[in-house]
Amino acid sequence: MKQTSLALEEVEGLVQGHRDGHGFVVRDDGEADIYLPPNEMRAVLHKDRVRARIVRSDRKGRPEGRVVEIVERSDQVIIGRLLHESGIWLVAPEDKRYGQDVMIPKAAIGAAAAGQVVVVELTEPPALYGQPVGRVKEVLGEIDDPGMEIEIAVRKYSVPHVFSEACMTQARALPDKVRPQDKARRVDLTDVPLVTIDGEDARDFDDAVYCEPTRVGRGRTAVAGWRLLVAIADVSHYVENGSAIDIDAYDRATSVYFPRRVIPMLPEKLSNGLCSLNPEVERLCMVCDMLVTADGEVSAYQFYPAVMWSHARFTYTEVAAILANTRGPEAIRRKDRISDLIHLHDVYQALHKARERRGAVDFETVETQIVCDEAGHIEKIIPRTRNDAHRLIEEAMLAANVCSADFIGHSKYAGLYRVHEGPTPEKTELLRNYLKSVGVGMALSDDPSPSEFQAIAQATKDRPDAAQIHAMLLRSMQQAIYTPENSGHFGLAFEAYTHFTSPIRRYPDLLVHRVIKSILAKTKYQLPNLPIPGEAHAKLSRRLEKNRATRAVQPGQKPRKPSVEMQAWQAAGLHCSANERRADEASRDVEAWLKCKYMREHLGEEYSGVVSAVTSFGLFVTLDAMYVEGLVHITELGGEYYRFDELRQELRGERTGLRYALGTRLRVQVSRVDAWISV
């Protein structure tokens with residue numbers, strides 16, 4: 001009995017280090033993380049797999065444990081600066097979650113020099129009384145070299161950034177243009193004035209659009225509406241199932257976007273050439289051809305493969321200027337396309353009204369853009385402004401994505417949906433308490449709808465703390481994932497939704513295209529042999545299992561085990577979801593690094609800002625002029641004791657009652673910048 005009791009206390013999971021020296025075991029079973037004190041972290045490293053025993057709980061009931069077995073050492077390389085101190089060579093990891101410097105024997109430093117950034121491969125793991133030992137595998141260069149932050153991020157997050165030779169050989173063998181045989185069994189749309197609308201710096205063009213007024217319906221019941229065409233690059237024509245290009249694309253799962261550099265999912269010959277809907281050249285495409293009513297409802301649609309000719313390459317700025325002034329200089333240069341753009345704007349307005357009726361969540365969040373000079377140095381950080389041209393394209397793409405989900409769903413074929421579920425009961429309760437604490441007098445039901453979220457967003461949009469309230473609304477929702485099990489899209493208020501519109505840069509879209517083609521051809525699409533997801537997908541996998549269990553038809557009934565085909569689709573969805581997270585984390589890391597480098601030039605300067613996050617150790621303040629977030633440590637708030645109120649998201653002084661909460665405006669000074677950190 002004693003042995004059974006001990007076994008129940010032991011759990012497996014991944015070690016997650018913390019920059020302060022302690023760590024956690026992220027449990028495989030999804031239960032609360034186990035705290036590891038600093039002495040327990042001496043023999044393990046961030047990302048090691050361990051078996052831990054829970055030995056006690058702290059006063060808040062959180063489990064604390066000790067490591068009883070190291071199940072598997074992580075094979076992740078470590079990036080850091082090579083240092084030479086007192087005759088000893090060592091590497092200080094860039095990711096402070098590793099917690100220990102890595103010793104490097106002199107014979108293992110290779111061509112690296114002191115101060116350079118290097119990639120280290122461990123040859124000896126850490127022990128209770130010994131540091132880890134490694135060898136220099138790759139020299140990245142000097143810390144201030146342009147683009148160094150990207151070189152670090154792609155290795156830190158294991159982002160594939162070199163195409164295989166087999167992939168490149170296959171890409172080189174592809175034609176340079178559309179051939180006559182490629183046009184077989186396709187609708188000829190070359191006379192339809194489809195256009196692309198993208199950002200100024202876009203290099204690959206996934207989508208083209210066209211709209212014209214028409215009558216929707218038949219006979220006397222026909223009403224005014226529009227015919228909306230969304231043409232998407234037909235990547236699946238060139239990237240064959242299971243080919244070398246396909247294997248590399250699946251491995252990447254998404255393009256990764258950094259300032260001044262993109263790591264594409266597909267080789268450049270495809271992403272910027274053959275599959276990009278460049279102006280005035282023939283291109284293969286998949287078309288979603290829709291009839292939209294004046295109420296913004298898609299009354300009918302069809303999918304078909306086509307060949308198109310882009311009649312113009314517009315930028316968002318240019319289209320917004322034309323729509324604002326149809327007699328201005330931009331409009332004069334594009335006079336042949338003005339009426340088409342007006343029709344697109346008209347259908348957008350109808351679709352947007354339908355969005356409002358659905359109660360879809362529509363927050364206006366501030367996104368920033370880092371502007372660099374030719375040498376890669378930051379010139380400024382500016383907010384990205386969204387105009388009607390952005391929204392026009394967004395609504396057209398949403399309509400096509402909904403149609404593709406409906407098409408796959410009604411066909412009973414397997415495919416990947418883009419699923420976004422609402423808040424869990426726990427997060428709903430936390431949000432309800434937060435809204436009450438900040439004086440938002442609007443009720444939130446136990447099973448809230450998107451319209452409730454949107455109503456709160458609208459009611460608070462003019463408050464000084466609106467950005468923080470909207471951030472809390474967003475945090476309460478679950479992250480969107482790719483899965484073959486459709487449970488709708490909460491944020492957009494759609495019953496079914498997929499990603500169809502960006503197959504150049506997202507693998508799930510490529511899979512959706514293949515499924516749609518198989519439905520049209522009345523054939524069965526078979527996924528290629530894809531790798532089984534690893535540790536990075538465990539958390540998502542547990543979430544799917546939990547959601548599946550809650551959807552059991554009757555209480556106590558076990559959910560049915562998915563078929564072999566569905567398991568393969570689940571694996572693909574988990575892989576794509578996890579790699580989407582990886583790309584986002586790598587991009588955020590690079591952006592944080594660049595902002596730190598930028599702020600080093602502003603040491604000692606004072607700025608106004610707003611509290612954007614509150615923790616037990618201080619405040620995070622976003623500067624108004626810079627759109628940069630920094631920490632004001634609790635020790636910088638004055639000589640009294642501050643108590644952290646998690647519910648109210650505030651620090652309150654015990655003696656004076658002084659409060660620092662989300663949305664509080666402050667004047668701060670830039671006192672220190674440390675770019676060599678993990679965010």
Side-chain angles (χ1 to χ4, degrees), residues 3 6-19 21-55 63-80 91 93-104 108 119-138 154-160 251 253 530-545 567 570-571 574-575 577-579 581-582 585-586 678:
Q3 191 173 9
L6 285 173
L8 289 173
E9 293 177 357
E10 293 183 4
V11 295
E12 266 194 36
L14 282 181
V15 173
Q16 186 173 76
H18 190 277
R19 59 180 291 114
H22 60 267
F24 299 90
V25 176
V26 181
R27 297 168 57 155
D28 290 347
D29 59 13
E31 296 299 318
D33 296 348
I34 301 168
Y35 172 76
L36 296 177
N39 62 305
E40 286 294 322
M41 291 294 293
R42 284 159 55 187
V44 297
L45 285 175
H46 176 61
K47 295 188 178 179
D48 282 349
R49 168 166 283 280
V50 300
R51 182 179 295 276
R53 179 176 297 147
I54 300 172
V55 294
E64 181 178 323
R66 69 181 182 87
V67 175
V68 295
E69 181 188 355
I70 298 167
V71 178
E72 185 180 4
R73 293 287 187 182
S74 170
D75 60 359
Q76 175 71 36
V77 295
I78 296 175
I79 301 98
V91 166
E94 177 271 344
D95 191 338
K96 297 305 180 188
R97 291 175 296 183
Y98 281 99
Q100 301 184 55
D101 292 341
V102 181
M103 308 292 292
I104 309 291
V119 179
V120 170
E121 184 178 62
L122 290 187
T123 55
E124 292 180 33
L128 282 175
Y129 304 104
Q131 288 177 265
V133 179
R135 70 174 186 87
V136 174
K137 182 181 179 183
E138 184 182 4
V154 296
R155 289 160 180 83
K156 175 179 174 181
Y157 291 98
S158 302
V159 175
D251 188 32
L530 303 172
I532 295 173
E535 291 295 353
H537 315 78
K539 189 173 182 181
L540 287 169
S541 184
R542 289 195 301 270
R543 175 178 152 191
L544 283 178
E545 287 297 326
Q567 288 181 41
Q570 285 174 358
L574 289 169
H575 174 80
S577 300
N579 284 12
R581 307 280 182 274
R582 177 178 69 182
E585 288 171 1
S678 172

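Predicted model, so just to flag it, every value in this text is computed and none were measured.
When each of Lys156, Arg19, Lys47 is paired with Asp95, the side-chain contact (heavy atoms from CB on, under 4.5 Å) condition holds for Lys156 and for no other.
To the nearest 0.5 Å, the span separating CD1 on Ile54 from CZ on Arg66 amounts to 12.5 Å. Atom CZ of Phe24 sits about 13.5 Å away from atom CD of Glu40, to the nearest 0.5 Å. To the nearest 0.5 Å, the span separating CD on Gln131 from CD1 on Ile104 amounts to 10.5 Å. Rounding to the nearest 0.5 angstrom, the gap separating the CG atom in Leu574 from the CD atom in Gln567 is 11.5 Å. To the nearest 0.5 Å, atom CG of residue Asp28 and atom CZ of residue Arg49 are 4.0 Å apart. Put simply, CD1 on Ile79 and OH on Tyr98 are 7.5 Å apart, with the number rounded to the nearest 0.5 Å.
Minimum heavy-atom separation, Ile70 to Val67: CG1-CG1, 4.3 Å. What you find for Ile34 and Gly65 is that their closest heavy atoms are CG2-N, 3.4 Å. Among all heavy-atom pairs drawn from Ala108 and Gly134, the shortest one is CB-O, 4.0 Å. The minimum heavy-atom distance between Leu36 and His22, with the atom names listed, is O-CB, 3.3 Å. Closest non-hydrogen pair, Gln100 versus Pro93, comes out as O-CG, 3.3 Å. Smallest separation of non-hydrogen atoms from Val91 and Val120: CG2-CG2, 3.6 Å.
Side-chain atoms of Arg155 never come within 3.5 Å of backbone atoms of Val77 as a donor-acceptor pair (strictly under, hydrogens ignored). Of the possible donor and acceptor atoms, none in the side chain of Arg135 sits under 3.5 Å from a partner among the backbone N and O of Glu121.
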Check the pair Leu45 / Gln76 against side chain to side chain contact (heavy atoms under 4.5 Å, CB included), numbers first and verdict last.
-> CA-CA 10 Å; Leu45 285 175; Gln76 175 71 36; over 6 Å; no
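A 4.5 Å side-chain heavy-atom check between Glu69 and Glu10 finds every atom pair outside the cut-off. Contact of the Gln16 side chain with the His46 side chain is registered, since non-hydrogen atoms from C-beta on lie closer than 4.5 Å.
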